[in-house]
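Right, one structure below, let's go through it.
Letters go in sequence order (proteins before strands), and every chain restarts at 1. All values below come from the heavy atoms of this structure, side chains included, with hydrogens, waters and symmetry mates left out.
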There are 2 protein chains.
Amino acid sequence: MARRGESIELAVLGLLHEGPLHGYELRRRLNLLLGWGLGRVLSYGTLYPALKKMSRSQLISEDTSTPAPVTGRPRIVYRVTDLGREEFQRLMSEAGPVAWEDDTFGIRFSFFASAPSEIRLRVLEGRRTRLEERLARARADLARTQRKADRYASEYHRHGVEGVEREVRWLSDLIAAERGRQESRSSPARPVPGQGGASTTGSPEATTG
Amino acid sequence: MARRGESIELAVLGLLHEGPLHGYELRRRLNLLLGWGLGRVLSYGTLYPALKKMSRSQLISEDTSTPAPVTGRPRIVYRVTDLGREEFQRLMSEAGPVAWEDDTFGIRFSFFASAPSEIRLRVLEGRRTRLEERLARARADLARTQRKADRYASEYHRHGVEGVEREVRWLSDLIAAERGRQESRSSPARPVPGQGGASTTGSPEATTG
DNA sequence: GTTAGCATGTAAGGAGTTACATGATTTT
DNA sequence: AAAATCATGTAACTCCTTACATGCTAAC
């Protein structure tokens, strides 16, 4: 399982929810958004074929009407279709392990504003549980191999474990905040900054499970 | 240029320095050693072809003499050759950017015990510089997009930056320890900080600006 | 007048995954 | 009797990267 391919798809869908974009700008945003921004960058060799594929499966539409402002070339502007919006909600609601994997979690989290609170909470809690399971295993490994493993190897292991512990604390804070927001639902004094762009408050499918 | 391909090669070479191993056991150690241990595991579809390739290029040798103890199958025991040892030292000494990439850094660090202090220091400092460059860029991005980015996206960004800052502090501690070890060469056996137990020094003040 | 940024793509290939194939032994 | 662990491999596939191809405009 653990489809990696969905990561770009989800990210593109999420970005296009805020408004239409062309490939070049999409890539720039993607690089900022994803871990790509730190170090690695997404190549055109990945992006453009992915866009073509999504276009073929009707998740997004191509619009060549607006000519490029800088160059004279037919700049292609992409928009989410209704099918794309459906798919986005489906992907965001995905409750299975895929939602807690390292690579897709970051993307999901970044687009939390476009998902209902129940789903946010479910993804956050699932992620935390997953990390705690890992921690248990990792700590067991550490204790078991500490005697024979050399200093550097076990120091690296220890550092990794500490990093996961830090993320668990972060998740716990977020979960608490999310719960607080859910409880005070009756008084919408502090809504999630939905950014106006996509006013698709209609039928978020809520929870599927 | 086979940048990523070196990670398994280096890890196998490093593990075999401690003694001969067969594929199955090698994979188990690799999973503990690398980030693979947390979550993902290395598949046989990667390992065995990689071993064959290394065998062809004389970095390791196959030994089918010892029969499998459990099954009757011809268990293949791998050993580092002299050429493999040379290659290992060469890879460990690699001062270029490859040595600071996320994926190869962890492996290099885990095998620091097999490298001289100068190389350890060089790799640690290179890594820290690289991370600090990233931080500068990431913080600039954060400041620039903070206005328009929504809460969740920027929170994720912030969390990532904080994680990198944490790693920089970790590296600085290690570098200081390494320098201390270099200066007092006559009296060795100064341990790497953090050996004594789970002393999580997570101070809440993490941001520097 | 050359570098940098805008803008869209294709071709070749690397690295790794899943699924498949085989079969023995130990544990449940 | 079934399941897990030991043990080695191959084939097909996916995702992504690098290098290439094209050409226009703004800035230095």
Side-chain angles (χ1 to χ4, degrees), chain A residues 1-12 20-31 34-36 39-57 60 62-78 97-98 101-104 107, chain B residues 1-12 20-31 34-36 39-56 60 62-64 66-78 97-98 101-104 107:
Chain A
M1 45 173 73
R3 295 270 174 290
R4 224 75 111 266
E6 288 173 355
S7 44
I8 285 180
E9 208 156 293
L10 180 59
V12 167
L21 292 168
H22 57 275
Y24 193 86
E25 177 64 15
L26 211 35
R27 186 216 183 207
R28 215 185 55 81
R29 304 271 187 111
L30 248 16
N31 285 341
L34 307 166
W36 306 108
R40 304 272 167 87
V41 288
L42 180 68
S43 69
Y44 296 117
T46 306
L47 178 61
Y48 283 114
L51 289 174
K52 284 289 164 207
K53 192 190 153 211
M54 290 173 74
S55 199
R56 276 199 302 277
S57 34
I60 59 178
E62 298 180 358
D63 179 5
T64 38
S65 65
T66 43
V70 177
T71 71
R73 291 193 58 164
R75 196 173 62 165
I76 303 175
V77 173
Y78 298 94
V98 274
E101 293 289 336
D102 291 305
D103 33 2
T104 60
I107 302 169
Chain B
M1 305 286 192
R3 280 207 165 63
R4 233 75 94 254
E6 287 171 357
S7 44
I8 285 181
E9 209 156 289
L10 180 59
V12 167
L21 293 168
H22 58 275
Y24 194 85
E25 177 65 15
L26 212 36
R27 185 215 183 207
R28 214 183 58 80
R29 303 271 185 108
L30 247 18
N31 285 340
L34 307 166
W36 305 109
R40 302 271 169 89
V41 288
L42 180 69
S43 70
Y44 295 117
T46 306
L47 179 61
Y48 284 114
L51 288 174
K52 285 288 165 207
K53 192 190 152 213
M54 291 174 73
S55 199
R56 277 199 302 276
I60 59 177
E62 299 181 357
D63 180 5
T64 39
T66 42
V70 177
T71 71
R73 291 195 56 164
R75 194 173 65 164
I76 301 175
V77 173
Y78 298 94
V98 274
E101 293 290 334
D102 292 306
D103 33 4
T104 59
I107 302 169

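One can place CG of Leu34(A) at 16 Å from C1' of dT17(D), the figure rounded to the nearest angstrom. In this structure, CZ of Arg27(A) is placed 12 Å from C1' of dG5(C), rounded to the nearest angstrom. Taking atom CG of residue Leu30(A) and atom C1' of nucleotide dC16(D), one finds them 13 Å apart after rounding to whole Å. Regarding Leu21(A), its CG atom lies at a distance of 14 Å from the P atom of dC6(C), rounded to whole Å. Protein atom NZ of Lys52(B) is 7 Å distant from nucleotide atom P of dT10(D), rounded to whole Å. For Lys53(A) and dC16(D), the NZ to P distance is 10 Å, given to the nearest whole Å. Ile8(B) places its CD1 atom 8 Å from the C1' atom of dA15(C), with the value rounded to the nearest Å. The interatomic distance linking Arg75(A) (CZ) with dT22(D) (P) rounds to 24 Å, in whole Å.
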What verdict does the side-chain contact (heavy atoms from CB on, under 4.5 Å) test give for Val12(A) and Leu26(A), after you've listed the backbone C-alpha separation in whole Å, the side-chain angles of each residue and the deciding distance to 0.1 Å? CA-CA 7 Å; Val12(A) 167; Leu26(A) 211 35; 4.2 Å; yes

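For the atom pair OG1 of Thr64(B) and NE2 of His22(B), the computed distance is 14.0 Å after rounding to the nearest 0.5 Å. Rounding to the nearest 0.5 Å places OG of Ser7(A) at 4.5 Å from CD1 of Ile107(A). Within the model, atoms CD1 of Ile8(B) and CZ of Arg27(B) stand 11.5 Å from one another, a figure rounded to the nearest 0.5 Å. Here CG of Leu47(A) is found 12.0 Å from OH of Tyr24(A). Values are rounded to the nearest 0.5 Å.
With sequence neighbours excluded, the residues forming a side-chain hydrogen bond (donor to acceptor under 3.5 Å, both in side chains) with Lys52(B) are Glu62(B), listed by chain and number.
Checked against dC16(D), dG5(C), dT5(D), the side chain of Tyr24(A) finds its nearest nucleotide in dG5(C). Of the candidate nucleotides dC6(C), dG9(D), dG16(C), dG9(D) has the atom lying nearest to any side-chain atom of Tyr78(B). When each of dA7(C), dG9(C), dT17(D) is scored by its nearest atom to the side-chain atoms of Leu42(A), the top-ranked nucleotide is dT17(D).
Listed by residue number, Ser43(A), Gly45(A), Thr46(A) are the residues of residues 43-51 of chain A with a heavy-atom contact under 4.0 Å to DNA chain D.
For the side chain to side chain contact (heavy atoms under 4.5 Å, CB included) criterion with Tyr78(A), the lone passing option out of Leu21(A), Leu51(A), Asp63(A) is Leu51(A).
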